[in-house]
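Have a look at the structure below before the remarks.
Because only heavy atoms are used, hydrogens play no part in the values below, and waters and symmetry mates are left out as well, while side chains stay in.
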Amino acid sequence: MDLIAERIRVFGMTPFSLIREYLENAEIKEVGTDVPSDEMVKEVLRDFEILAENMNECAERVADLGDSATEDMLIAMIKSIELHHWMLTSFLK
């Protein structure tokens with residue numbers, strides 16, 4: 001999150017600073033702690049899919065704007081999310 005916040009600052013904007021702000025604006029929602037472990041892993045997988053989709057969309061937009069630094073940052077994050085998604089999917093099998 002710090003890397004994203006720093007990129008937001010580069011453009012003279014102010015990132016969210018309160019958990020409440022993130023929760024109010026998040027597409028990914030919190031779940032309870034009473035979820036069985038296999039369901040929790042499935043929930044994390046869905047969250048990774050949402051993140052990857054949103055980051056891919058952002059990467060395309062910043063590429064169109066010529067912002068290669070943000071595009072590179074997002075591509076690295078997408079690669080990490082995809083790797084973790086694959087590992088958790090394998091775990092469930």
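Rounding to the nearest 0.5 Å places OG1 of Thr70 at 10.5 Å from CG of Leu3. Separating the CE atom in Met73 from the SG atom in Cys58 is a distance of 9.0 Å, to the nearest 0.5 Å.
Every pair tested for ring-ring contact (aromatic ring centres under 6.0 Å, His included) that includes a residue from residues 58-77 fails, sequence neighbours excluded, so the list is empty. Legend: salt bridge (Lys or Arg N to Asp or Glu O under 4.0 Å) pairs involving residues 31-45, not counting sequence neighbours, sorted by first then second residue: Glu39-Lys42, Glu43-Arg46. The list of salt bridge (Lys or Arg N to Asp or Glu O under 4.0 Å) pairs with a residue in residues 67-93, not counting sequence neighbours, reads Arg7-Asp67. Counting only residues at least two apart or on different chains, the ring-ring contact (aromatic ring centres under 6.0 Å, His included) pairs with a member in residues 21-73 are Phe16-Tyr22.
Among residues two or more places apart in sequence or in another chain, the side-chain contact (heavy atoms from CB on, under 4.5 Å) test is passed with Glu57 by Arg61. Under the side-chain hydrogen bond (donor to acceptor under 3.5 Å, both in side chains) criterion, Glu27 pairs with Asn54, not counting sequence neighbours. Residues forming a side-chain hydrogen bond (donor to acceptor under 3.5 Å, both in side chains) with Thr89 (at least two apart in sequence, or on another chain): His85.
Leu88 places none of its side-chain heavy atoms less than 4.5 Å from the side chain of Leu92. Looking at heavy atoms from C-beta onward, Met77 lies out of side-chain contact with Leu51 at the 4.5 angstrom threshold. Between Thr33 and Met40 there is no side-chain heavy-atom pair separated by less than 4.5 Å. Within the 4.5 Å cutoff, the side chain of Asn56 has heavy atoms near those of the Ile78 side chain.
Crowding of Glu30 atom CD: a count of heavy atoms from other residues, nucleotides or ligands under 6.0 Å not exceeding 12. Other residues, nucleotides and ligands contribute only 12 or fewer heavy atoms inside 6.0 Å of the CD1 atom of Ile19. Atom CZ of Phe91 has 12 or fewer heavy atoms from other residues, nucleotides or ligands within 6.0 Å.
A donor-acceptor contact shorter than 3.5 Å is absent between the side chain of Glu53 and the backbone of Ile50.
When all heavy atoms of Pro15 and Met13 are compared, the closest pair comes out as CD-O, 3.8 Å.
Partner of Asp47 under the side-chain contact (heavy atoms from CB on, under 4.5 Å) criterion, out of Ile81, Ile28, Val31: Ile28 alone.
Other cluster members for Leu83: Trp86, Met87, joined by side-chain heavy-atom distances under 4.5 Å among Ile, Leu, Val, Met, Phe, Trp and Tyr.
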